[in-house]
Structures are given as structure tokens and as C-alpha cells.
Amino acid sequence: MISPPAPEHFTSRLRSPTVAARVGVWLGVAFTLCFVTGLISHYAQLPSHPIPWPTSPSWGYRLTQGLHVSSGLAAIPLLLVKLWAVYPRLFERLPLRAPGRLALAGLERGSIGVLVAASVFQLATGVLNAAQWYPWREFSFRTTHYALAWVSIGALALHIAVKLPVIRDVLARPIDDTTHDRPTAVTPGPLTRRGLVRVTFVAAGVLTVLTAGSTVPALRRISLFGVRSGRGPAGIPINKSARAAVVTASATSADYRLSLVVDGTPVRELTLAELRALPQVTHTLPIACVEGWSASGEWHGVTVRDLLALAGVPAGTDVIVTSLQEHGAFRRTSLPGNVAADPRTLLALGLNGEPLALDHGYPARLIAPNRPGVLQTKWVSSLEVTT
Ligand SMILES: Nc1nc2c(c(=O)[nH]1)N[C@H]1C(S)=C(S)[C@@H](COP(=O)(O)O)O[C@H]1N2
Ligand SMILES: [Mo]
């Protein structure tokens, strides 16, 4: 007869609560860091902010986004080892004859099921998003990843609360202590418990270092799993090319004009030569892509503030930035008043001493301090305000 495995079929001594709790602590740290930095990213991407999103430090979003991706990746080996250590408990017989205990056991397993499913979903969709592979057509990554972040952090908090007595007890004991072990977890393996925990931490650390090159230029050469190579025109990667955005013809056309639109009426139309004739400034600002790479560049161009002044609009007004790109979610972005007023917020015409490459947003692109990459609109065709 075929029957499901029972917990006593799993005999490795490595699968102990002392191992699970030690790996679990760091998994909890990684999840919490990932959750908090994720909330920050979600807030930064809202079209308007109840509490203004600050423009300083200019590298703030770059830091939090780098931490988000690194902590998420570090969580992968931690979660795998944690699940491996505890999954025999899944096969424990349910107390079918005692309805009270059955209900409790059912609730506990249900909550763990939710925790595991949500965590695996978060890590998997995060990795797919970083790899720019979007198998999903039916749901928006950002909405779903955000909603399930709350589910997984809530289920995690519940799990920790339920297990707290055991966690505290096993953490206070040496790792080889067997007090809380399943009676059949007795087979010693080639690896010690301490060895397993060390290998897990090393794997998490190595994974982080091998991807951190997407944020930290000094690590780029060993960035085996890095999200982007760091290569691109003027030394900055390209996320979407002009060709993919179908703007090659309109962006290189002699008819290009930047329109300044006030209350639905175009009040100024500027050619590229006219933009170049306006006062030019240079600022060092990063592009920090939500998909997990970032790079700093020296941008030069016209301040959005000056452009708004040309249109007779007071500084501090919200602006809608529109691209020549005709389709796609990132063709229109909103620039809150405090960001538009910052003297470092530019309509950039050049990068790292070169004219802007077509793929970087030629003839003109937005670049603002401490702003998520998706909102740094390329191939800008108009700035619109409503007074
Ligand atoms: N019009 C337009 N602007 C855009 C995008 C886009 O798809 N269309 N992608 C954004 C994203 S996701 C990022 S990370 C940055 C990348 O800029 P880069 O390709 O010059 O590095 O541009 C942003 N601006
Ligand atoms: Mo991006």
C-alpha cells in the first residue's frame, strides 16, 4: 500500500529546531528589511504623496532599492534551508479524533501554508522582475507584490508569535542540544549542524556580493548574477531602447519640440537648439531602477524650474511629464511640486560629457534626485501643469 511519508521517515539530525531557529532569525531580519525597503519603494512610486517624498539625499532611493534586492536574494538560501529543516513536520498526523486540537492544528498549518506560499511567491516574482521577465499578463507586478508583502509579513509575525517560546528556548541552548528534536531525528550526516548553518549564511552572503555589483560599482566585475552589466552609452545601462519604445523617428525628427502646456494650452514650444541656448547646469545623480540596478552619472541640461518659469508657472506646481513614446506604462509620469522645484531636477540634454544617446532619452529626458528609475521619463515631449 502506498502511504504518505511520516515524520519518522526523516532521520537527519540536521533537521532540528536549533538549526531552524538560527536560520530563521536571519530569515526574519532579511524579510523585515525587504518589507520596509519595499514599502519605501511603493510610496516613492505613488503619483502623489500625502507626506511629500523628499529629494534628498539624492542617493536615498538607490540605497533602499539596493537593500531591497540584496535582502530578497539573501532570503532565498535562508528560506530553502529553513523549509528543508522543518518540512517533515508537514507529515505529522492530524489529531482527527479530537476536534478542539484538530481545529488548532488546522489553523497552525493553514497559517504556515499562507506564509510559505506568500514568501515563495514574493521571492520568485522579485527575481523574475529583476530579470525583466514578465510571464504575467493578467496582473500588475507592483500591485500584487505589494499586496502579498503584507500577507507574508503578517503571516510571519503570527508565526513568530506562536513559536516564540520554542524559539527563545532553543536559541538559549547550544546548537547540538537535542531536547526539542523529533525522537527519530538521530542520523548524523557528513555535515554538522554548525556546518549547515555556516554554509547557509555563506551562501546568502555570496549571493548578495555577487549581485551587489548592480548597485555598487566596485563590485561590478564579480557581479555574476548582477541585474545589468553596467555597460551602455556613456557608461550607464539602458533599460528600454528607443527602438523598443518606437520613438526613433519622432526623437530624431527635426520637428521635435518640447511643449510647455499650462491648463491645456501650449504656451511655449522649444526646439532642441533653443533648449541648449537656455542656462545649462550639471549635477551628479543616480538612475536607480526598481528592477534592482543603479548607476550614477553626471547629467547636464536645463532645470525644470527654469522651464516652468519660462511658462510663467510658480515653482512648486505639480507637473505631468509626457514622453514621445505612444504606448507603455511609463510614458507619462507625475512630478510632484517639491521635486519640480528642486534645482537639481533637470530636463537633461547630456550625460557624462556627451550629448544624450538616443537610448538614454535623446533629445531630452527627465532626471531628478532620489527618484525611482521608472519615473525618470525618457524622450520627453511635454511638461504640463494645471494651475
Ligand atoms: N519613456 C520612457 N521612459 C523611461 C522608461 C520607459 O520605458 N519609457 N523606462 C524607465 C526605467 S524603468 C528606467 S530604470 C530608466 C532607465 O534609464 P536608462 O535606460 O537611460 O538607463 O528610464 C525610465 N524612463
Ligand atoms: Mo527601471
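One-based numbering, in listed order, for ligands and for the atoms of each.
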| query | Please state which protein non-hydrogen atom is closest to atom 8 (N) of ligand 1 and give its distance, to 0.1 Å? | reply | Gln325 OE1, 2.6 Å

| message | Is the ring pair Tyr87/Phe10 parallel, tilted or perpendicular, if the boundaries are 30 and 60 degrees? | response | perpendicular

| request: Give yes or no for whether the N/O distance cutoff of 3.5 Å, strictly under, is met between Arg365 and ligand 1. | output: yes

| note | atom 7 (O) of ligand 1 has as its nearest protein heavy atom Lys240 CD, 3.2 Å

| field | Closest protein heavy atom to atom 9 (N) of ligand 1, given as residue, atom name and distance to 0.1 Å | value | Phe330 CD1, 4.0 Å

| Of all the atoms in ligand 1, which lie at a distance below 4.0 Å from a heavy atom belonging to Ser323? | 1 (N)

| Flag if over 12 foreign heavy atoms under 6.0 Å of CZ, Arg89 | no

| query | Is there a donor-acceptor contact under 3.5 Å linking the side chains of Thr377 and Thr333? | reply | yes

| To which protein heavy atom is atom 3 (N) of ligand 1 closest, and what is the distance rounded to 0.1 Å? | Lys378 N, 3.0 Å

| query | Does any donor atom in the side chain of Arg62 or Ser294 lie under 3.5 Å from an acceptor atom in the other side chain? | reply | yes

| field | Top protein contact for atom 16 (C) of ligand 1, by heavy-atom distance | value | Asn239 CB, 3.8 Å

| Asp177 bridged to Arg13 by N-O distance under 4.0 Å | no

| message | Applying the side chain to side chain contact (heavy atoms under 4.5 Å, CB included) criterion to Thr200, which one of Leu27, Val23, Leu80 satisfies it? | response | Val23

| task | Report the part of Ala245 in contact with ligand 1, treating N, CA, C, O as backbone and CB onward as side chain, heavy atoms under 4.0 Å; options are side chain, backbone, both, neither. | result | neither

| said: Assess, by modelled atom type and distance only, whether the side chains of Thr179 and Arg173 contain a donor and an acceptor separated by less than 3.5 Å. | reply: yes

| note | Per-atom filter on ligand 1: closer than 4.0 angstrom to a heavy atom of Trp293 are 21 (O)

| message | Looking only at side-chain N and O atoms, does Asp263 offer a donor or acceptor that is under 3.5 Å from a partner on Thr387? | response | yes

| field | Check ion pair Glu108-Lys163 (N to O, under 4.0 angstrom) | value | yes

| task | Write out the residue and atom name of the closest protein heavy atom to atom 11 (C) of ligand 1, then the distance separating them to 0.1 Å. | result | Gly373 O, 3.5 Å

| query | Distance-only, no hydrogens or angles: does the Arg331 side chain make a donor-acceptor pair with backbone N or O of Gln325 under 3.5 Å? | reply | yes

| query | So, is Gln376 polar-close to ligand 1, with some N/O to N/O distance under 3.5 Å? | reply | yes

| remark: If we number the atoms of ligand 1 from 1 as shown, the ones under 4.0 Å from a heavy atom of Cys289 are 14 (S)

| said: Could you identify the single nearest non-hydrogen protein atom to atom 21 (O) of ligand 1 and state the distance to 0.1 Å? | reply: Pro237 O, 2.5 Å

| query | Is it the side chain (CB and beyond), the backbone, both or neither of Val374 that lies under 4.0 Å from ligand 1, heavy atoms counted? | reply | both

| query | For ligand 1, which atoms, with element, lie under 4.0 Å from some heavy atom of Thr377? | reply | 3 (N), 24 (N)

